[in-house]
Protein chains: 2
Amino acid sequence: MPPPALHSAVLDAVGRAITSGDIVPGTPLTLESIGTQHQVSRTVAREVMRMLEGLGLVRSRRRVGLVVLPMAEWNVLDPRVIRWRLAGPGRDEQLRTLTELRHAVEPLAAAGAARHASAEQRAELVDLADRMRVLGARGDLTEFLALDIRMHELLLRASGNEMFGALAAVVAEVLTGRTHLGLMPAAPVPEALDQHEAVARAVADSDAAAAEAAMSALVGEVRTALDAAGPVGEHR
Amino acid sequence: MPPPALHSAVLDAVGRAITSGDIVPGTPLTLESIGTQHQVSRTVAREVMRMLEGLGLVRSRRRVGLVVLPMAEWNVLDPRVIRWRLAGPGRDEQLRTLTELRHAVEPLAAAGAARHASAEQRAELVDLADRMRVLGARGDLTEFLALDIRMHELLLRASGNEMFGALAAVVAEVLTGRTHLGLMPAAPVPEALDQHEAVARAVADSDAAAAEAAMSALVGEVRTALDAAGPVGEHR
DNA sequence: TCCCGCAATTGGTGTCACCAATGGCTTGCC
DNA sequence: GGCAAGCCATTGGTGACACCAATTGCGGGA
């Protein structure tokens, strides 16, 4: 329903080219080259450039053009950057680091949710866990994914800390990426279902310590599963 | 040395106005109004708008203009947003949530650094801790701040996880904000110096568990100090 | 030969005028 | 009173322009 939006298409193309490594850091681009390359006017190239600058992918310098920045400067927590990088090479490494981040954040967020969640939120969490079990048994991965995302988003947003809430988009990208990349088993393993239910229950019971432990176990499980499934990115 | 850059000044002004709450979510802006308000052409207003859109502060809709989004949509992890919000009302709440985020992330990052840091990085950490002790005793807050930032950035970047590294800018904003807002004691408390040194030592010794514990204690200290210092934002 | 300084070139920065598309709002018909 | 059609404000996109800073390369002097 939103019209294709020209500049966002160009942004996507250039963003992918940079994050995938097709354009090496240090390479200078020009508005002219972007414009002609994507059949687009100078003005929209400028807007795209501003957005890329906001994502930390490039820096604009006079007389020199847009220099592509090294990865250390990238806004690797921005959902767009995550999506691009999950689609390119190094997605295993990407999933590893993101899962580690989840391991740091989500247990504390679950504990926070156990303390601060509203009655409606607690009820929805339990309901979600139940429906996940049903859908998991049926093997409907896309619907399961939607519930999974919803549950983690709910937990992060109910944590009483907007910083955790801001990471909901990150987790959503990770989950969808993991599913679409075929890294999920055909049917969710029973442990995962149990752990989701344990988290929901602990939050519903306002048991912060239990919620934190359950969430920690859940993400830890994901971590070992990732290590077992795709140890492709052997580095050093 | 970078020229003042016109659009970034406008971005700053509008960003501050939104994050401070002067412009309530739902309010429609127009490029025209932004342009005339800041004596700037429509084109640069458009670029500013694109950046604000990237920060999740506004969404642009045809025929309506730019609608200011609710706080839940904001990119609260972006350093610019953090700086703006730390300068406005609600900075206590802001510091609380950011410190909680640090509590989640920095201990794990320290553990990672103990495993992955290079020899140079380990040496610099120990050196930084030593110099912090010297400067702390002398009471030079601004120099101390620089070392503090450097140390935390080093730890996050050496963690072996770029996601943690991306939070270095966030931590830097928190530390500078805390100092410039006068929330630091005239001279750093001895405990803080000890804990920084303990972290540096543990990382140098490749003792991940000790590094994690020391960092957890350090951030925990900050947390209780904040609670004690400024319980202004009594909410519920 | 080497270094310093000056000047030309290049490409971002900012402005302007214009047209296309769209969607909220109003008007008017049924 | 409800619904449909058309108006028009406002963004989306293009092209051309003046301006200025920094890079680069040329030339002259030591």
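Naming: A, B, ... by sequence-line order, numbering from 1 per chain.
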Between [atom2] of [N] and [atom1] of [X], the distance in whole Å:
{"X": "A:Leu31", "N": "C:dG14", "atom1": "CG", "atom2": "C1'", "answer": "13 Å"}
{"X": "A:Leu66", "N": "C:dG12", "atom1": "CG", "atom2": "C1'", "answer": "8 Å"}
{"X": "B:Arg42", "N": "D:dG15", "atom1": "CZ", "atom2": "P", "answer": "16 Å"}
{"X": "A:His38", "N": "D:dG13", "atom1": "NE2", "atom2": "P", "answer": "14 Å"}
{"X": "B:Arg59", "N": "D:dT11", "atom1": "CZ", "atom2": "C1'", "answer": "15 Å"}
{"X": "B:Leu11", "N": "C:dT13", "atom1": "CG", "atom2": "C1'", "answer": "16 Å"}

>> Both B:Val64 and A:Val64 contact DNA chain D. Taking the nearest nucleotide for each, which residue is further toward the 5' end?
In response: B:Val64
>> Near DNA chain C, counting only heavy atoms under 4.0 Å, which residues of residues 43-54 of chain B show up?
In response: B:Thr43, B:Val44
> Is the backbone N or O of B:Val14 less than 3.5 Å from a side-chain atom of B:Trp84, with the two atoms forming a donor-acceptor pair by type?
Replying inline: no
>> If you only use heavy atoms from C-beta on, which nucleotide in C:dG14, C:dG12, D:dG12 is closest to the side chain of B:Leu6?
In response: C:dG14
> Do B:Arg62 side-chain and C:dA21 base share a donor-acceptor contact under 3.5 Å?
Replying inline: yes
Go through the structure and list residues passing salt bridge (charged side-chain N to carboxylate O under 4.0 Å, His left out) with [X], not counting sequence neighbours.
{"X": "B:Arg50", "result": "A:Glu47, B:Glu53"}
{"X": "B:Asp78", "result": "B:Arg80"}
{"X": "A:Asp127", "result": "A:Arg131"}

> When you look at A:His196 and A:His152, which way does the ring-ring contact (aromatic ring centres under 6.0 Å, His included) test go after all the steps?
Replying inline: CA-CA 9 Å; A:His196 276 84; A:His152 286 275; 5.3 Å; yes
Which residues pass the side chain to side chain contact (heavy atoms under 4.5 Å, CB included) test with [X], sequence neighbours left out?
{"X": "A:Arg150", "answer": "A:Glu124, A:Leu128, A:Glu153, A:Leu154"}
{"X": "B:Thr99", "answer": "B:Val219, B:Val222, B:Arg223, B:Leu226"}
{"X": "A:Ala117", "answer": "A:Gln121, A:Arg122, A:Ala158, A:Val203"}
{"X": "B:Arg42", "answer": "B:Leu31, B:Glu32, B:Arg46"}

> Looking at A:His7, does any N or O in its side chain come under 4.0 Å of the phosphate oxygens OP1/OP2 on D:dG13?
Replying inline: yes
Give each protein N/O atom lying under 3.5 Å from an N/O atom of nucleotides 6-9 of chain D, with the pair distance.
{"from": "D:dC8", "atom 1": "O2", "to": "B:Arg63", "atom 2": "NH1", "distance (Å)": "2.9"}
{"from": "D:dA9", "atom 1": "O4'", "to": "B:Arg63", "atom 2": "NH1", "distance (Å)": "3.2"}

